[in-house]
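Model, not experiment: these values are computed from the prediction.
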Amino acid sequence: MIPLPLARIAEITSGALAGMADPRAVVRGPVVTDSRAVEPGSLFVAIKGERVDGHDFAAQAVAAGAVAVLASRPVDAPAVIVGDTVAAMTVLATAVCAALPAATVIGLTGSAGKTTTKDLLARLTARIGPTVATSGSFNNEIGHPLTVLKSGEDTRYLVLELGARSAGHITHLTRVAPPRIGVVLNVGTAHLGVFGGKEEIARAKGELVEALPAEGVAVLNADDPLVAAMAARTGARVTWYGRAEGATVRAENVTVDERGRASFTLRTPSGAAPVVLRLYGEHAVENALAAAAAAYELGLPVATIAEELSEAEPRSRWRMEVTDRADGVTVINDAYNANPDSMRAAFGTLDALAGDRRRFAVVAALRELGDESAALNEGLGRLAGGAGLTGLFVVGPDADPVLAGARAAVRDAGRVPAVSGAHAGPHHGTGGPPGAGPDGGPSPVAAFGEDLGAGGGVPAATRVSHAADAAQAGAELAAMLAPGDVVLVKGPRAAGLERVAAALLGGDRR
């Protein structure tokens, strides 16, 4: 954070000094909301949550080196008292960003791939200037200002991931840090139940391009019609990326190796260069292109962009982490979050990486899908049931639609599932031929694309199991694995499936 005396912080936030706070004391360290993250010179923001009240840790934070506490009530420590600490932190972040005229703000949003793209772009901007980027997926009304407040006087690029939980959310975030470049990745089905439909999601995501100045740049996915339509919502220059022939920055000659990693030729108006990704999954090509297009607008040479993309490793945890155990078992930990689009991508990566090895998957029912929840979760089950698995574990109390879809896919493929767990029993899913819904129309799996088929090896029987929680799934799956097997772990954040991957790896990382 740029150095600010407490008196100035109180002025910016319309707060009042209390607890014998020294108005001349300068906050130089990070602004934090967790007392365990305090460093000398920090400002500790006390937030009252549902289970924990940060005000209770005020004295502890100051003892650890915080200059003061941003609080909404008197505490046993030097403090700046405000009406609402989150709102005050947001105002402070807005002021700090406005005090950095040399910094270029790059905002990034989309239904899937935001964090990976943000990590790639931050790596690219770091080649040309000091960069501050969102940590992990801290992209909401708390994480966003915290990221902005990491900026120092030498910061030249802020790469900010913007999440949206409702209409107007992205507009709010862009007012804190007005972007000059806006990147929109895709419009998918994440949070479908919250927004009510993909068109509503597109309207919310498009708030980013509406916030751009006329001299700014909108970096848009030419392959996504809902994103492409956002060009009409901005007066900024538009740069297209994708695989379409007319894209300004595009991928040509895409191939995928036996480990599921993509290679391609990066084509730009100023030349081309080869990219060999270390990231897993063909869907990483789109993430790399989005980052490349933004970097191209910043003036990076295509050879430099290709070099950095080729050297990039995953930065944020539980996103396509591929680990080989000493016995040859491969664990794909993509458990940070899930939606229909990212599920399809994950199973595609499993198919590419597994080849003719035995494959297993641990999934959980998707959340926030609204009225389409049952149909889309049955579609998830059909996707998994058609993926050539030796074993499938569906975790959690809301597993029925996924289990039904998986059993139907296995049955329709001419294989008899061996079922186990609390929900084993007669099939209650859709009838009709493969690919048909209960009324003879398209199956819910249409949201996931075509079934992957059996991949390199068709098991004699796919074991479809229900597990009450991650611990049960991890224990039962561990007993089934043999050297050389491949496991995909993928589910919504609330399911906590990263614990399955941790149990399978047991500290064995290679």
Side-chain angles (χ1 to χ4, degrees), residues 106-118 121 134 137 139-141 144 160-175 178-179 181-213 216-244 246-249 283 285-287 289-291 293-294 337-345 366-373 375-376 379 442 444 446-449 492:
I106 306 170
L108 186 150
T109 194
S111 294
K114 293 187 295 295
T115 300
T116 298
T117 306
K118 174 263 303 177
L121 183 52
T134 305
S137 293
N139 57 22
N140 62 11
E141 68 279 3
H144 186 73
L160 304 174
E161 178 181 329
L162 309 181
R165 302 290 300 194
S166 64
H169 194 176
I170 287 179
T171 295
H172 167 73
L173 298 180
T174 59
R175 288 171 178 162
I181 297 177
V183 183
V184 185
L185 302 177
N186 44 56
V187 175
T189 49
H191 312 308
L192 190 63
V194 175
F195 287 96
K198 291 183 71 172
E199 291 73 18
E200 287 73 19
I201 295 172
R203 276 192 281 273
K205 300 296 185 185
E207 292 171 7
L208 173 57
V209 301
E210 292 177 344
L212 296 171
V217 182
V219 177
L220 302 180
N221 185 350
D223 301 329
D224 187 318
L226 289 174
V227 174
M230 294 178 191
R233 297 169 61 179
T234 181
R237 183 173 75 254
V238 175
T239 290
W240 302 99
Y241 75 89
R243 303 199 194 190
T248 310
V249 176
H283 59 283
V285 172
E286 279 65 40
N287 300 332
L289 286 174
N337 215 335
N339 58 62
D341 306 297
S342 64
M343 274 290 188
R344 181 177 62 251
L366 303 176
R367 312 284 180 90
E368 298 183 345
L369 298 177
D371 293 340
E372 300 297 318
S373 181
L376 288 171
F448 293 85

Identify the two heavy atoms, one from D341 and one from G188, that lie closest to each other, and give their separation to 0.1 Å.
OD2-CA, 3.1 Å

Can you tell me how far the NE2 atom of H169 sits from the CD atom of E141, to the nearest 0.5 Å?
4.5 Å

For N186, the side-chain hydrogen bond (donor to acceptor under 3.5 Å, both in side chains) test, sequence neighbours excluded, returns none

Can you tell me how far the OG1 atom of T171 sits from the CG atom of L162, to the nearest 0.5 Å?
10.0 Å

Measure the CE-CG distance between M343 and L376 for me, rounded to the nearest 0.5 Å.
12.0 Å

Considering only heavy atoms from C-beta outward, does the side chain of P179 approach that of L208 to under 4.5 Å?
yes

Of T248, L289, V219, the one forming a side chain to side chain contact (heavy atoms under 4.5 Å, CB included) with W240 is T248

For residues P340 and L366, determine if any side-chain heavy atom of one lies less than 4.5 Å from a side-chain heavy atom of the other.
yes

With sequence neighbours excluded, what pairs up with A236 under the side-chain contact (heavy atoms from CB on, under 4.5 Å) test?
L212, T234

Taking side-chain hydrogen bond (donor to acceptor under 3.5 Å, both in side chains) as the definition, give me every residue that meets it alongside S373, ordered by chain and number, with sequence neighbours left out.
N377

Hey, does S111 have a side-chain heavy atom less than 4.5 Å from the side chain of K205?
yes

Residues which pass side-chain hydrogen bond (donor to acceptor under 3.5 Å, both in side chains) with T115, listed by chain and number, not counting sequence neighbours
S137, E161

Side chain to side chain contact (heavy atoms under 4.5 Å, CB included) with L220: of L185, T239, V183, V227, only one passes, and it is V227

With R233, which residues qualify under salt bridge (Lys or Arg N to Asp or Glu O under 4.0 Å), at least two apart?
E210

Any idea which heavy atoms bring D223 and P225 closest together, and the distance?
O-CD, 3.6 Å

When rounded to the nearest 0.5 angstrom, what is the spacing between OG1 in T116 and NE2 in H283?
6.5 Å

Shortest non-hydrogen separation from S342 to A338 and the atoms involved
OG-CA, 3.4 Å

Using atom types as modelled and distance alone, determine if a side-chain donor or acceptor of N140 lies under 3.5 Å from a backbone N or O of G163.
no

With side chains defined as the heavy atoms from C-beta onward, is the minimum distance between L160 and H144 less than 4.5 Å?
yes

To the closest 0.5 Å, what do you measure between CD1 (I181) and CD1 (I106)?
4.5 Å

The criterion is side-chain hydrogen bond (donor to acceptor under 3.5 Å, both in side chains); which residues satisfy it with R243, sequence neighbours excluded?
E282, E286

Minimum-distance pair of heavy atoms, taken over all atoms of E207 and G168:
OE2-N, 2.7 Å

Report the distance from atom CG of L108 to atom CG of N139, rounding to the nearest 0.5 Å.
10.0 Å

